[in-house]
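Input: a single structure, listed below in structure tokens.
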Amino acid sequence: MDNVKNLEDQFQARIDAGEKIEPKDWMPEKYRKTHIRQISQHAHSEVVGMLPEGNWITRAPSLKRKCTLLAKVQDEAGHGLYLYSAAETLGISRDEMYEQLHTGKAKYSSIFNYPTLSWADMGTIGWLVDGAAIINQVMLTRTSFGPYARAMVRICKEESFHQRQGYEILLILCNGTAVQKEMAQDALNRFWWPSLMMFGPPDDQSPNTAQSVKWKIKRKTNDELRQRFVDITVPQAEVLGLTIPDPDLKWNEERGHYDFGEIDWTEFWQVVKGNGPCNKERLKAKVEAWDNGEWVRDAAMAYAEKKNAQLTKAI
Ligand code: BYC
């Protein structure tokens with residue numbers, strides 16, 4: 001018992017000194033499990049996040065827009081793969097993580113359970129969803145677990161391109177016809193509140209934040225990041241000439257931040273528990289893709305085994 005306490009104290013001292021923890025280092029079991037949970041949820045979010053945008057690849061308004069959206073969606077597949085690899089270093093297999101996703105045991109970001117109804121949603125997802133992801137993930141480049149922090153550096157660079165492509169779509173729509181601007185406003189109206197929910201429950205209702213901050217898994221709390229997102233995004237909406245759908249949104253001179261209205265946490269928990277507008281559709285699409293891709297996985301494995309056998313024979 002004393003021995004474990006000693007190890008835990010040494011571990012905390014390394015964290016406090018700002019050292020990175022690497023996969024083969026000793027770590028408390030809860031630290032390992034928290035990382036598996038968070039990194040795999042993050043990976044699942046990237047992969048499920050391809051679905052709402054994939055919905056618009058065939059309907060993008062021009063070849064240039066189609067190529068850009070395709071590249072963005074492919075980046076997200078890549079982010080999922082780096083993150084699954086980072087989680088694997090903690091002793092969970094990719095098959096186990098997929099199994100957790102496909103059986104509904106694993107979570108992924110609530111935001112991807114909302115439908116994408118118009119082209120303006122592609123702009124709004126880039127602007128708000130990737131914008132929120134960047135704010136969360138820039139902090140994660142300094143997280144204490146080495147493989148996660150390193151994966152985040154590249155992911156953040158790509159997210160920043162995604163955010164700009166989304167904002168540019170909206171700039172064009174907002175400077176276009178009245179109908180185009182209305183489409184942009186409608187997308188903002190639907191995505192604003194779900195984007196604020198992406199940061200997770202309020203700090204006083206977040207079971208994981210205190211320990212995660214202590215272990216420097218999280219460098220900022222859910223509420224701190226949400227506030228930062230609002231402060232950065234409001235002036236961007238002003239440039240677009242769009243109205244944020246919150247009558248309580250107001251600059252607070254004393255705090256040096258925007259005050260904003262009450263988030264509907266009942267809606268958030270409903271979506272997290274699987275009862276959002278698209279939860280069932282998203283999971284069904286993922287499971288079908290997995291089942292339909294079985295022959296590809298089998299063929300790739302058979303090819304790899306044959307190549308290995310040839311190499312072994314040659315040696
Ligand atoms: N959706 O104690 P808390 C992206 C769960 S998208 C669903 O605060 P934690 C992308 C939470 O898991 C962004 N579930 O938890 C962008 C926990 O349940 P469990 C993906 C949520 O982990 C564009 C419970 O609520 N980014 O990258 O300390 C295109 C209590 O919460 C949500 C990441 O995943 C939610 N929004 O903090 C494509 C970033 N919020 O697990 C892709 C990494 C909370 O105890 N993740 N829950 O059963 C994080 O930073 C943290 O995990 C969170 C939550 C801030 C999300």
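Numbering of ligands and ligand atoms starts at 1, following listing order.
Considering backbone and side-chain N/O of Lys218, one or more are found under 3.5 Å from N/O of ligand 1. Inclusion of Glu46 in the set of residues having an N or O under 3.5 Å from an N or O of ligand 1 is warranted. Close N/O approach between Glu53 and ligand 1 is not found [any backbone or side-chain N/O within under 3.5 Å]. Between Val272 and ligand 1, not a single N/O pair is under 3.5 Å apart. At least one N/O-N/O distance between Asn208 and ligand 1 falls below 3.5 Å.
Ring geometry, Tyr31 versus Trp215: the interplanar angle exceeds 60°, so the pair is classed perpendicular (tilted spans 30 to 60°). Using the six-membered ring where Trp is involved, His102 and Tyr98 have ring planes that are parallel, under 30° apart on the 30 and 60° scheme.
For atom 30 (C) of ligand 1, the nearest non-hydrogen atom from the set Pro207, Ala106, Ser40, Pro194 comes from Pro207. The option with the heavy atom closest to atom 50 (O) of ligand 1, from among Val47, Asn136, Ile134, Val48, is Asn136.
Counting heavy atoms under 4.0 Å from ligand 1, residue His42 touches it through both backbone and side chain. Proximity of Val271 to ligand 1, defined as any heavy-atom pair under 4.0 Å, is not found for any part of the residue. Contact annotation for Tyr108 and ligand 1: only backbone heavy atoms (N, CA, C, O) come within less than 4.0 Å of the ligand. In Phe199, the part holding a heavy atom less than 4.0 Å from any atom of ligand 1 is the backbone. By the criterion of a heavy-atom distance under 4.0 Å, the side chain of Arg37, and not its backbone, is placed next to ligand 1.
Residue contact check: Ser110 has heavy atoms under 4.0 Å from atoms 1 (N), 7 (C), 35 (C), 36 (N) of ligand 1. Close approach of ligand 1 to Gly200 (heavy-atom distance below 4.0 Å) involves ligand atoms 40 (N), 44 (C). Atoms of ligand 1 found under 4.0 Å from any heavy atom of Ser206 (numbered from 1 in listed order, with element): 2 (O), 3 (P), 8 (O). Proximity to Gln137 (heavy-atom distance under 4.0 Å) selects the following atoms of ligand 1: 26 (N), 27 (O). The distance from ligand 1 to the heavy atoms of Tyr148 drops below 4.0 Å at these ligand atoms: 43 (C). Near Pro201, the atoms of ligand 1 lying under 4.0 angstrom from a non-hydrogen atom of the residue are 8 (O), 30 (C), 31 (O), 44 (C). Taking every heavy atom of Met197 and a limit of under 4.0 angstrom, the matching atoms of ligand 1 come to 36 (N).
Residue contacts with ligand 1 do not include His162, since none of its heavy atoms lies under 4.0 Å from the ligand. Not a single heavy atom of His79 sits closer than 4.0 Å to an atom of ligand 1.
Ion pairing between a basic and an acidic side chain is recognised when a charged N comes within 4.0 Å of a carboxylate O; Asp231 and Arg228 show no such pairing. Asp25 and Arg14 are joined by a salt bridge, as a carboxylate oxygen and a charged side-chain nitrogen come within less than 4.0 angstrom of each other. A salt bridge does not link Lys72 to Glu158: none of the charged side-chain nitrogens sits closer than 4.0 Å to a carboxylate oxygen. By the 4.0 Å N-to-carboxylate-O rule, Lys284 lies close enough to Glu288 to be salt-bridged with it. Comment: Glu159 does not engage Arg164 in a salt bridge, judged by the lack of any side-chain N to carboxylate O separation of less than 4.0 angstrom. Taking 4.0 Å as the cut-off between side-chain N and carboxylate O, Arg150 and Glu22 count as a salt-bridged pair.
In this structure, atom 33 (C) of ligand 1 is in close contact with the protein, since a protein heavy atom lies within 4.0 Å of it.
In this structure, Tyr84 has its ring center closer than 6.0 angstrom to the ring center of His44.
With rounding to the nearest 0.5 angstrom, the OH atom of Tyr148 is 6.0 Å from the CD1 atom of Ile39. If you take CG on Asp130 and CD on Glu76, they are separated by 6.0 Å, rounding to the nearest 0.5 Å. Between atom CD of residue Gln185 and atom SG of residue Cys174 there is a gap of 8.0 Å, rounded to the nearest 0.5 Å. Between the CG atom of Leu69 and the CD atom of Glu53 there is a distance of 6.0 Å, given to the nearest 0.5 Å.
Annotation: cation-pi pair Arg297/Trp290 present, NZ/CZ under 6.0 Å from the ring centroid and within 45° of its normal.
Looking only at protein heavy atoms, the nearest one to atom 41 (O) of ligand 1 is Gln41 NE2, 2.8 Å. For atom 49 (C) of ligand 1, the nearest protein heavy atom (residue, atom name, distance) is Gln38 NE2, 3.5 Å. Looking from atom 18 (O) of ligand 1 to the surrounding protein, the closest heavy atom is Lys107 NZ, 3.4 Å. Nearest non-hydrogen protein atom to atom 21 (C) of ligand 1 is Phe268 CZ, 3.9 Å. Scanning the protein for heavy atoms near atom 29 (C) of ligand 1, the closest one is Glu76 OE2, 3.1 Å. The closest protein non-hydrogen atom to atom 10 (C) of ligand 1 is Phe112 CZ, 3.7 Å. Of all protein heavy atoms, the one closest to atom 13 (C) of ligand 1 is Met198 CE, 4.0 Å. Considering only non-hydrogen protein atoms, atom 24 (C) of ligand 1 sits nearest to Trp269 CH2, 4.0 Å.
In this structure, Thr34 contributes its side chain and Lys30 its backbone to a donor-acceptor pair below 3.5 Å. At distances below 3.5 Å, not a single donor-acceptor pair connects side-chain atoms of Lys250 with backbone N or O atoms of Asp259.
Linking ILVMFWY side-chain heavy atoms closer than 4.5 Å, directly or via other members, places Val138 and Ile135 in two distinct hydrophobic clusters.
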